[in-house]
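Working notes for the structure below.
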Amino acid sequence: MLQGLKWIGVILDKLIETIDLSYSYRSGEGEAVRALSRVNMAVYRGEILAITGRNGSGKSTLARHFNALLTPKEGRVLVDGLSTADKANTALIRRKVGMVFQNPDNQLVSSVVEEDVAFGPENLGLPREEIINRVDEALNTMKLETVRHENPHHLSSGQRQQIAIAGVLAMKPECIVLDEPTAHLDPRGRREVLQSALKLNREEGITVVLLTHFMNEVIYCDRMIVMDRGEVRAAGAPQEVFMQEELIREMGLDFPVATRIASALRSRGYPLPPSIMQAEELIEGICRLK
Amino acid sequence: MELTKNITLGVYLPGSTSIHRLDPRTKILAAAILIILLLFVRTYEPYLLFSLFLFAVVLLSRIPVGYALCGLKPMLPVLAIMWVFQLFLFKTEDTAVLFSWWIFEATEAGLHMGNLISLRVLFLFTTTTLLTLTTSVVSLTDGLESLLKPLAKVGLPTQELVMTLVIALRFVLILAEELEKIVKAQMARGVAFDRGNFLQKTKKLFPVFLPLFIGAFKRAEELIVAMEARSYTGGRGRTKMKTLRFGRVDLYSTLATLAFSALLVFTILRSGPLY
Amino acid sequence: MPLEVIDLCHSYKEGTPFVHEALQGINLYIDDGEFVGIIGPTRSGKSTLAQHFNALYIPRRGKVLIDGNDTKDKNTDLVRLRHRVGYVFQNPDYQLFASTVGEDVSFGPRRQNLPPEEIKARVRESLELVGLDYEAFFKRDIYALSGGQKRRAAIAGVLACKPRILVLDDITAGLDPAGREEILAVIARLHSENQITTIFVSSSMDDVSVLAERIIVMHEGRIIIDDTTRAVFSRADELEEIGLELPEVTVLVEKLRKLGYKLPPGLFNIEEAQAAIAMALDQGRAEQ
Amino acid sequence: MNLSVRKIVISGILGAIVILLGVTRLGFIPVPTPAGHATIIHIPVILGGVLEGPVVGLITGAIFGLFSFLQPGAPFFADPLVSVFPRLFIGVVAYLVYFATKRINTVLACVLAGAIGSLTNTVLVLGMATWRGYLPAEVSISLGFLHGIPEMVVAAILTVILVKGIQRIRPAEEK
């Protein structure tokens, strides 16, 4: 029910919108590769959106258009109504939309945690007191106060990714785009980063776009988009998308564990709802069978 | 097989001694003055003074002496060879011949030259190592940036150059770990890096250098994007979270360094060169 | 070719203030043809241990015996030993360097100075073993491969040395689900068809549980559990305590068990779990 | 002078490789001469010049110089005029050679840039060492041949292979 109410609220307010967005690049051998073709999608204010699809499906290329790291040559991308194609908007757009990348090692600049978190606010040219406040706040939100003076190199990869998120958070963006932030992490780091992403969305009210190929991350998102060969192949609430079994298989994606068990039990005649994705939902459904 | 073990340059040994807490500018300036003076030392006495000074710094900063010197280990053989080199090849008109072997003559001037140059290297190394061991890379670069500020006024991109250094120092450890894995991955396929002559050894570099450089360039591409995504456009318009404070201790330390430098200059001038 | 580890200790940065005891008295015996998983949280010492198996680390304290040969022994030919114990690193980019797949895979055998026909045969064989078609991939550019293909090429490069023991160090990291399945299928086939002793090092229980018959759990440089896969997973609480994430299936089944459903402990395989839950539910229905 | 983010980052990472090759001694190949090794630490500097232009070559060279001054591999490098000054030219020269000859053939251009970049290092370092009185001229000349030639050959080969390898992974954006 709550989910539904949230929907009505967000559906009117697009934070990021792509209109007929296409993008090609030249590969090392000089062939033109079409990475995106006529993508129409939107990120709604306040939601947490999962973008999934196999490696090379174009999800990363799409995400890089969200904060003007790539600018469209065909089609348009609007961030809060501002066109990313206009160079004059770039600085403002990058303040609104922050980005965290796959490998924490390749995005941290400084060898001290707090200095790295300060890097973004320093680039914005903020006054010193403001930077200190923001750094404190970001470290606090990400629970990194205890390691603020350490070298990220000596921390776990999960913590390093949390630092990268804190660094973006300190710039006070409206939206954070996480580009496969858990791909290089061990399972524990993966869970920690997912929890941070959920917290940012639910407690801090930040719009989150999560690129991932782990279905146990997708199931906590409000909406998901499935990409394949530069096209959007499905969009909607995860429950609905996972019901398109053929499509999910064709896209090389997994089903959530609870969904798989539920569907096996259903085929044995147990009346479980087809919308089950999370473990809790499955357990609840099983308990209700009694 | 542990490449990161001997990397002490740029490795900071955290501590809270007065040396650690000095304003980085104080330490950089002191080190710079000492290094410049070292270039003029031509006799043994100033080195004695110098070692007392450095020893005091080591004591004050509570750095284990063995650790401070372990970065020196890999270069000892080269140092020894060069010492022999100087011993036999450096000549002056009126020097005594210590002994001769085949066509080589070891002269007294050569001996002193070898000694003095080896000492210069040792002291240079110790001075810079002490600086980096007691000063974190971040405050080192902050200090450098602040000291270079006057140059920015004449149009030199000092903030950007310092950023280059920040990145270089951050990536040394990351790339060292990567290099270690690359070397191991190739050893696992039967490359024996310790065998073979010059040509064979050179050939063995390809399977290490290609992955290392290609990996480094991939990292660079990602870092460029990540920095741009965080609104970095260069030094212009940037502010800094940390500000440096030149306090009372800094003043005393600077005075101490200056006094020592004066003493050093005096000894250098008093004792004429050995050769 | 059995592998034996006796009282092995190892510390990093010995003699510096950053000294770290990575291995503290490891004893281990791995027999011919076993499939062993080594798991543990990051920095538990699992990679350090595995790198002793092919003499990338030579023990200072303790011993590692490969087929009875002490890696510490001066007479042991380490290059030959490394060909017998293959090691695949997590990131294929560390290993691949030549411009084509064929060239890279032949790198190992060429170090053994084998005749050209033998090298060619080995390259063909190892490419086929990892499911890469020889004709299609021999001349393919390394950088034109997908993540899963790259990893398979890296494995082929090690297989071309004809190892009897294969150590795989976290090789599923960073792959998408399709790529991960590809790799796991290749490894399963290698083990079952070629009887290669396989040692699978990972921080992901999900990956280890699919294939390994025996699991060694490491924590802070020690082996804390060494048992069959099922027995290891039935000690869920201990595993969680040291910071390992259990497979989702196991977590789910454990929760149901705690709610009173009659399910066996240590389930990690989704098909088994489906069957077990269905059986428990069937039973419940029959009792009513 | 204006420095782009790209130039800053690439100089920094190439600088990291320079430091890495130095501290791990991997940048030295043992050769049977009095100095005991041929250096390949200047390869990243040459690559910086060839791939990214004179500015990156200059900065990477400066890091090389600074490093060999702070952690001297040979006694005369304790003098910044021998260690820092000559290194500023390696990358710039490599760039100029590459730029002047790449129209003829890019492989040839890489070979020449590597060789002449390496030669710049040898000649300037030994020249400065002689001028500052550390080495007698005859020793410098023989050292120049003994080291300069193998270093030149290695640099030329490594430059070609690395440049070609790195260019393969860099997708050029469609214009």
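As a basis for the values below, the full set of heavy atoms in this structure was taken, side chains included, without hydrogen atoms, waters or symmetry mates. The chains referred to below are lettered A, B, ... by the order of the sequence lines, with proteins before strands, and numbering in each begins at 1.
Other residues, nucleotides and ligands contribute over 12 non-hydrogen atoms within 6.0 Å of the NZ atom of D/Lys164.
The parts of B/Met163 that come within reach of chain D are both its backbone and its side chain, each placing non-hydrogen atoms under 4.5 angstrom from that chain. In this structure, chain D has a heavy atom under 4.5 Å from the side chain of B/Leu205, while its backbone stays farther away. Contacts between B/Arg219 and chain D at a heavy-atom distance below 4.5 Å involve backbone atoms as well as side-chain atoms.
The two residues D/Ala16 and B/Ala168 come nearest to each other via the heavy atoms CB-O, 3.3 Å. The shortest non-hydrogen separation linking B/Pro157 to D/Leu3 is CG-CD1, 3.9 Å.
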Intermediate values then yes/no, salt bridge (charged side-chain N to carboxylate O under 4.0 Å, His left out), B/Glu160 and D/Lys7 = CA-CA 9 Å; B/Glu160 287 85 349; D/Lys7 289 197 167 79; over 6 Å; no
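The only option from D/Ile13, D/Leu14, D/Leu162 that meets the side chain to side chain contact (heavy atoms under 4.5 Å, CB included) definition with B/Phe217 turns out to be D/Leu14.
At a heavy-atom cut-off of under 4.5 Å, chain B is reached by no residue from residues 95-105 of chain D.
With chain B as the partner, the residue from D/Ile43, D/Ile10, D/Ile166, D/Leu158 showing the most heavy-atom pairs under 4.5 Å is D/Ile166. No other option in D/Ile8, D/Ile40, D/Val5, D/Leu47 has as many heavy-atom pairs under 4.5 Å with chain B as D/Ile8.
Proximity of B/Phe206 to D/Ile157: side-chain heavy atoms (C-beta onward) are separated by under 4.5 Å at one or more points. Residues B/Phe171 and D/Leu20 fail the side-chain proximity criterion, which asks for heavy atoms closer than 4.5 Å. Within the 4.5 Å cutoff, the side chain of D/Ile63 has heavy atoms near those of the B/Thr164 side chain. B/Leu212 is listed as a side-chain neighbour of D/Ile17, based on a closest heavy-atom distance under 4.5 Å. In this structure the side chain of B/Phe209 reaches within 4.5 angstrom of the side chain of D/Leu21, judged on heavy atoms. Using a 4.5 Å cut-off on side-chain heavy atoms (C-beta onward), D/Ile19 and B/Leu175 make no contact.
Considering CD1 of B/Ile167 and OG of D/Ser11, their distance stands at 8.5 Å, rounded to 0.5 Å. Taken to the nearest 0.5 Å, the CE atom of B/Met227 stands 13.0 Å off from the CZ atom of D/Arg6.
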